[in-house]
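Note that the structure is predicted; figures quoted are calculated from it, not measured. Here, residue 1 is the first one in the sequence, and each next residue gets the next number.
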Amino acid sequence: GDQEVGEMGLAAVPGRQPAFRQSLAAAVQYAKEVGCPRIHLMAGRVPLGADRAAVAGKMETTFIENLRYAADLLAQEDMIGLVEPINNRITDPRYYLNTPHQAAAILEKVGRPNLKLQLDLFHCQIMDGNLSHNLETYFPLTGHIQIAQVPGRHEPDSPGELNFPYIFKLLESLSYTGYVGCEYAPKGDTLEGLGWLRSYWESRGIQHGGTSKATE
């Protein structure tokens, strides 16, 4: 979308379907060039001045239409489309897609196997908490996971509400094999801020870079 006029994605924005399709085509080309098999299909914001409840039905219809189009296009490239709930309490009050419950309901209506949930635990905690249950409940739909401490949105080992060693063990118990995206703002130097990851590797008997000592 056009960030200069306040757009943040287009997939659920009525009247912007042609622009969505054009942007999706460009995103597919970028993804092919860098070998990325997943694309985040951003829902977008409730139009400025509109009442959320009043436009919810039309936005959902638009979202479903665009997601089906995207899924069919992405299937031709063997790619996955992702939808991410973003909290509307702190981060973006006007964002349309806010909870994993809402996302799961829309994915069910869309009915395409190559569309998945991008579960950002930062947003999920702010909107609903109950992370263990939500991870287990929505794990079959999940295609990507992102993390950040709450409420500061910094490194996982920074002060905050979330117990990431527990969460990582839960993901392992669920046999999650995908990436965990570190979508946080480092408190200081980026490399120094990755100390939490080095400590985690060491606790799991893994050398820096992801190689298991046991296999060597």
Side-chain angles (χ1 to χ4, degrees), residues 1-24 27 38-74 80-112 114-131 133-135 137-153 160-162 181 183-185:
D2 188 345
Q3 291 184 324
E4 292 186 2
V5 298
E7 291 181 327
M8 188 177 175
L10 297 172
V13 182
R16 298 286 277 141
Q17 289 92 328
F20 170 79
R21 296 185 178 196
Q22 183 179 8
S23 295
L24 176 63
R38 292 172 174 80
I39 293 178
H40 176 196
L41 306 166
M42 298 189 73
R45 291 170 166 151
V46 173
L48 193 63
D51 177 75
R52 178 183 289 269
V55 299
K58 190 171 184 178
M59 292 192 73
E60 180 177 292
T61 298
T62 302
F63 202 19
I64 291 171
E65 173 192 326
N66 280 331
L67 288 178
R68 285 177 178 159
Y69 173 88
D72 293 343
L73 180 65
L74 294 174
I80 299 291
L82 301 168
V83 296
E84 178 191 9
I86 295 176
N87 82 82
N88 64 349
R89 291 178 174 166
I90 298 173
T91 301
D92 196 327
R94 287 172 45 219
Y95 201 75
Y96 169 72
L97 189 66
N98 306 130
T99 69
H101 324 299
Q102 180 190 8
I106 287 173
L107 289 175
E108 183 177 1
K109 291 178 181 179
V110 173
R112 296 291 193 275
N114 65 327
L115 293 183
K116 300 288 185 179
L117 176 64
Q118 180 166 305
L119 191 61
D120 188 316
L121 301 187
F122 173 82
H123 297 303
C124 190
Q125 169 70 3
I126 290 171
M127 292 302 294
D128 190 54
N130 203 18
L131 289 186
H133 175 75
N134 281 329
L135 273 171
T137 299
Y138 298 110
F139 185 76
L141 290 175
T142 299
H144 185 58
I145 287 176
Q146 295 179 167
I147 60 171
Q149 187 56 275
V150 179
R153 208 169 189 177
E161 300 173 12
L162 301 185
E183 196 178 62
Y184 59 76

TODO: Using the test side chain to side chain contact (heavy atoms under 4.5 Å, CB included), find all partners of Ala104 that sit at least two apart in sequence or belong to another chain.
DONE: Tyr138, Leu141
Task: Contacts of type salt bridge (charged side-chain N to carboxylate O under 4.0 Å, His left out), residue Arg112, not counting sequence neighbours - done: Asp72
- [ ] Starting at CG of Leu119, measure out to CD1 of Ile145 and round the result to the nearest 0.5 Å.
- [x] 6.0 Å
Open item on the list: Taking salt bridge (charged side-chain N to carboxylate O under 4.0 Å, His left out) as the definition, give me every residue that meets it alongside Glu7, ordered by chain and number, with sequence neighbours left out.
Closed with: Arg16
Task: Heavy-atom pair of closest approach, residues Ser23 and Leu10 - done: OG-CD1, 4.2 Å
Task: Minimum heavy-atom distance between Val13 and Gly44, given as atom pair plus value - done: CG2-CA, 4.2 Å
- [ ] Evaluate the side chain to side chain contact (heavy atoms under 4.5 Å, CB included) criterion for residues Glu60 and Lys109: first the C-alpha distance (whole Å), next the side-chain angles of each, then the deciding distance (0.1 Å), finally the verdict.
- [x] CA-CA 10 Å; Glu60 180 177 292; Lys109 291 178 181 179; 2.6 Å; yes
Open item on the list: Side chains of Val83 and Leu115, heavy atoms from C-beta outward: is any pair under 4.5 Å?
Closed with: no
Task: Spatial distance of atom CZ (Phe63) from atom CG (Leu67) [nearest 0.5 Å] - done: 4.5 Å
TODO: May I have all residue pairs that pass salt bridge (Lys or Arg N to Asp or Glu O under 4.0 Å) and include part of residues 137-148, sequence neighbours excluded?
DONE: none
Task: Which residues share a side-chain hydrogen bond (donor to acceptor under 3.5 Å, both in side chains) with Thr61, sequence neighbours left out - done: none
- [ ] Please report the shortest heavy-atom distance between Ala43 and Leu97, naming the atom on each side.
- [x] CB-CB, 4.0 Å
Open item on the list: On a heavy-atom basis, which atom in Gln17 and which in Asn66 lie closest, and how many Å separate them?
Closed with: CG-OD1, 3.6 Å
Open item on the list: Please check this pair: side chain of Asn98 against backbone of Pro85, looking for a donor-acceptor N/O pair closer than 3.5 Å.
Closed with: no
Task: Where Arg94 and Pro47 come nearest, the two heavy atoms and their spacing - done: NH2-C, 4.1 Å
Open item on the list: Return the CG to CD1 distance between Leu162 and Ile147, rounded to the nearest 0.5 Å.
Closed with: 9.5 Å
Task: For Glu183, all residues meeting side chain to side chain contact (heavy atoms under 4.5 Å, CB included), sequence neighbours excluded - done: Glu84, Asp120, Gln146, Arg153
Open item on the list: To the closest 0.5 Å, what do you measure between CE (Met127) and CG (Asn88)?
Closed with: 4.5 Å
Task: Nearest heavy atoms of His123 and Thr91, plus distance in Å - done: CE1-OG1, 3.7 Å
Open item on the list: Holding to side chain to side chain contact (heavy atoms under 4.5 Å, CB included), I want the full list of residues that pass it with Ala70, two or more places apart in sequence or in another chain.
Closed with: Phe20, Leu24, Leu41
Task: For Ile80, side chain to side chain contact (heavy atoms under 4.5 Å, CB included) partners two or more places apart - done: Arg38, Leu82, Asn114, Lys116
Open item on the list: So for atom CD, which belongs to Gln22, do other residues, nucleotides or ligands contribute more than 12 heavy atoms lying within a distance under 6.0 Å?
Closed with: no
Open item on the list: So, applying side chain to side chain contact (heavy atoms under 4.5 Å, CB included) with His101, which one of Asp128, Ile106, Thr137 is it?
Closed with: Asp128
Open item on the list: Measuring from atom CD1 of Ile126 to atom CD1 of Ile86, what distance do you get when rounded to the nearest 0.5 angstrom?
Closed with: 11.0 Å
Task: Residue pairs fulfilling salt bridge (Lys or Arg N to Asp or Glu O under 4.0 Å) with at least one residue in residues 41-59, sequence neighbours excluded - done: Arg45-Asp92
Open item on the list: Among residues at least two apart in sequence or on other chains, which ones pass ring-ring contact (aromatic ring centres under 6.0 Å, His included) with Tyr95?
Closed with: none
